[in-house]
Amino acid sequence: MKLNKIIIPVLAAPLLLTGCYDEKMDWHTPDGHYPVVSDEIPLSLQEKIANYDNIKAYMAQYMPNVKLGLGLGADKYISDDTAYVNRCNDNFQQFVTGNAMKHGSVVQNDGSLKFTTIDAFLAKVPSDIDIYGHNFIWHTQQNQTYLKSLIAPTVEVTPGSDIANVIQNGDFESGTKDHWSSWGNSSTTEVQEGAGYDGSYGLVMVNPSDADDYSAQLAYDLTDPLVAGKKYIIRFKAKASTPAGTLQFATQNSSDYSGEGYHSFSVGTEWTTCEYDYTCTKDNLNRVLINFGKVAGTYYIDDVEFGEEIGGSASAKRGPAKASSVTYKFKTPEEKKAALLGAMESWIKGMAEHLGNRISGWDVINEPITDGTPKWRGIEGNFSEGDSEPVEDPESGFNLNWESGHFYWGYYIGKEYATKAFELARKYAPNAKLYVNDYNLETSPAKLAELINFVKYIDENGSVKVDGIGTQMHVDGKSITKEQIDAMFQTLAATGKLIRISELDVRIGTTSPTADDLQTQSDVYQMIIESYKANIPEAQQGGLTLWTLSDAADEHTYWYPDDAPNIFDKNYARKTAYKGVCDGIAGKDISEDFTGDMWMNGK
């Protein structure tokens, strides 16, 4: 076994080992000169930690059938941070991307899959480092816009009040864009024959990427400005290449760009009539805008009308106004279920086939059990805090009532969502190990029991069995106990499934830890790994993954920003916990094998 050695000149040794230094000690290793050990650690302990090998060397010796994984950010790994990449590659045997392989990161608003980040990541990862997939089905970080579009009602607008229309060439039958202009976001607009509502001429607007509504704009400059206090109506027909398209109406002063009247329309792949009335409150507004920059896609518009409402105070002689009517045609439960099962298959198939055998395992379902009284998320009205039952109202339409990015597949598919996910994962990733993954299992025996019931349901009701269970283990280092950890692992072992520690980190409640804090953290890391080895039979040991590499701020923008939970400090230097992890893997204090000759002679 290779050892990194500290080479200390013999005559200086007594002074080095007893003196007090203001300057940072520089460690010299066979691989170069760099800060190996965090400054907060006592000098004698620093010397020991600096002599430890890279962690995966101990995995190969003491746990040869288990992969040591690292949860990391794909964007950070493919950046120019060489020190970060080297630490990852030198110490770990498997990588798990934190966000890059999740539904919300890959699925676009039209349902297509974007692999740009994933492909760049895989191209950079050495071939001898394994990749684990995280994850297929979750209740958050889903592309809610796309999934909602599949189950949303069809909206039918019956035009209301007549309009004193001032738009010229709103039907584009001239075959030109006369009177219209456009700009922004590298977008294009073009009048095309056959692109209109009735198959004649229509305007085609292409927005190449998601941005702000106003990033791509279609404009019509009015001959006369609007009059404050008067009511105006915009009406046009539209459709999009994506079921989740968005168009926005606004009025504007073409000189100072002030505006008002902002209103968004949801536009799908079928022609719909968009209509909105608004009362002008500002003087000198002389431009009508249809903004199309929010959602990437191709938009088709036709029969644009804009003007004062006929029947208003200035036009009463033209007759009474008629109210617009909106009809919502809601999909049946069977239609929604079928649409989502189709989306689930497209997603899992696309991911699994694109990544192929590069992926050794998948978290097929992530965090399916609620906190508090444990229930299946999304089933029988059980949601995360802040989410509630969706509402379909004949007058106001469809309101999902879930936070942005949240989507509960089980709400519309039922418990069958779990068996279907595993069947599809096995179909398209036949060689991968398939897991269920959840958190707080070490501190909530009730949640652990319900998760095991969840796994049993899949085994007993589907055609594919669950290979393993992942326990995340984001633990509080100052309150977790050995008894809790042992009990969890013993319960998990009794399932006979593969068991993974899937997202291990140890909080210590501060970003400026003392030496005692660092030792406590190290002891907890070591205790957890030793308990895993003692309580999970070797044949069931599915993996051990640490969650993020270091305490660097850019790794904790959202995840424990006020803590220091990792085994490398913010400069990628080894903390005391580095030793705890290695000792836990070896089942002993590795530094006791270091001899005096090694210290003095570099042997």
Side-chain angles (χ1 to χ4, degrees), residues 67 69-138 140-143 145-147 185-186 207-211 241-242 244 295-297 343-364 366 405 421 424-435 437 502-503 543 545 547-549 554-555 557-558:
K67 296 287 188 184
L70 174 68
L72 48 66
D75 287 328
K76 185 171 176 64
Y77 186 85
I78 61 180
S79 71
D80 295 327
D81 192 338
T82 303
Y84 174 84
V85 172
N86 288 343
R87 290 293 188 279
C88 295
N89 292 350
D90 289 346
N91 286 283
F92 297 92
Q93 302 159 306
Q94 183 183 77
F95 292 157
V96 185
T97 60
N99 293 311
M101 295 186 184
K102 291 173 180 173
H103 190 276
S105 299
V106 179
V107 178
Q108 306 302 291
N109 288 338
D110 62 357
S112 63
L113 307 186
K114 185 176 181 180
F115 296 108
T116 306
T117 299
I118 293 174
D119 288 346
F121 172 72
L122 293 178
K124 189 170 183 177
V125 176
S127 60
D128 62 342
I129 293 180
D130 183 63
I131 307 295
Y132 184 90
H134 179 76
N135 54 59
F136 279 140
I137 301 296
W138 197 16
T140 189
Q141 287 186 250
Q142 310 294 282
N143 186 323
T145 299
Y146 169 63
L147 295 174
N185 203 37
S186 299
N207 175 38
S209 62
D210 292 354
S241 62
T242 168
V295 177
M344 181 187 288
E345 180 161 14
S346 295
W347 155 237
I348 292 176
K349 179 179 186 290
M351 280 292 286
E353 291 187 341
H354 186 83
L355 298 173
N357 289 329
R358 192 71 172 91
I359 307 297
S360 62
W362 281 98
D363 288 330
V364 178
N366 194 48
L424 291 169
R426 176 57 68 225
K427 178 179 179 180
Y428 296 111
N431 300 317
K433 297 297 183 184
L434 306 181
Y435 282 79
N437 186 49
S502 58
E503 302 180 16
T545 296
W547 205 243
T548 75
L549 179 78
D554 61 354
E555 291 192 75
T557 304
Y558 305 105

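Positions are given from 1 along the sequence.
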Kindly say whether N99 contributes a backbone atom to a donor-acceptor pair with the side chain of Q141 at under 3.5 angstrom? no

Are any of the side-chain heavy atoms of H354 and D119 separated by less than 4.5 Å? yes

Is the closest side-chain heavy-atom distance between V96 and L70 below 4.5 Å? no

With side chains defined as the heavy atoms from C-beta onward, is the minimum distance between D110 and S241 less than 4.5 Å? no

Atom CZ in F136, atom CE in M101: separation rounded to 0.5 Å? 9.5 Å

For S502, which of T545, D363, N437 qualifies under side chain to side chain donor-acceptor pair (under 3.5 Å)? N437

When rounded to the nearest 0.5 Å, the distance separating OH of Y84 from CG of L72 is 4.5 Å

Looking at V364 and A425, what are the two nearest heavy atoms and their distance? CG2-CB, 3.9 Å

Residue pair K67, Y132: steps toward the side chain to side chain contact (heavy atoms under 4.5 Å, CB included) verdict: CA-CA 10 Å; K67 296 287 188 184; Y132 184 90; over 6 Å; no

Are more than 12 heavy atoms from other residues, nucleotides or ligands located less than 6.0 Å from atom CG of D128? yes

N431 and N357 have their tightest heavy-atom pair at ND2-OD1, 3.2 Å

Please determine, by modelled atom types, if N109 and T242 share a side-chain donor-acceptor pair under 3.5 angstrom. no

Between R426 and A432, is there a donor-acceptor pair closer than 3.5 Å when you use the side chain of the first and the backbone of the second? yes

Is it the case that the side chain of N185 and the backbone of P208 share a donor-acceptor pair, with hydrogens and angles ignored and the cut-off at 3.5 Å? no

Nearest-0.5 Å distance, CD1 of residue I131 to CZ of residue F121: 4.5 Å

Measuring only between side-chain heavy atoms, which start at C-beta, is M351 closer than 4.5 Å to I118? yes

For the pair Q108 (side chain) and V106 (backbone), establish whether a donor and an acceptor sit closer than 3.5 Å, ignoring hydrogens and angles. yes

Nearest heavy atoms of Y77 and P126, plus distance in Å: OH-CD, 3.4 Å

Hey, can you tell me if W547 and H134 have their rings parallel, tilted or perpendicular (30° and 60° cut-offs)? perpendicular

On a heavy-atom basis, the closest approach of A100 and T117 is CB-CG2, 4.4 Å

NZ of K102: more than 12 outside heavy atoms within 6.0 angstrom? yes

Just by modelled atom types, is the D90 backbone N or O under 3.5 Å from a matching donor or acceptor in the R87 side chain? no

Going by salt bridge (charged side-chain N to carboxylate O under 4.0 Å, His left out), name the pairs with one or both residues in residues 70-84, residues two or more places apart or in two chains. K76-D81, K76-D554

Quick one: pull up CD1 in I129 and NZ in K124 and give me the separation to the nearest 0.5 Å. 11.5 Å

Is the backbone N or O of A74 less than 3.5 Å from a side-chain atom of T97, with the two atoms forming a donor-acceptor pair by type? no

Drop me the distance from E555's CD to L549's CG, to the nearest 0.5 angstrom. 5.5 Å

Just say parallel, tilted or perpendicular for the rings of H103 and W347, cut-offs at 30° and 60°. perpendicular

Apply the side chain to side chain donor-acceptor pair (under 3.5 Å) test between Y428 and each candidate in E353, K349, E345; give the one that qualifies. E345

Hydrogens and angles aside, do Y435 and N135 bring a side-chain donor and acceptor to less than 3.5 Å of each other? no

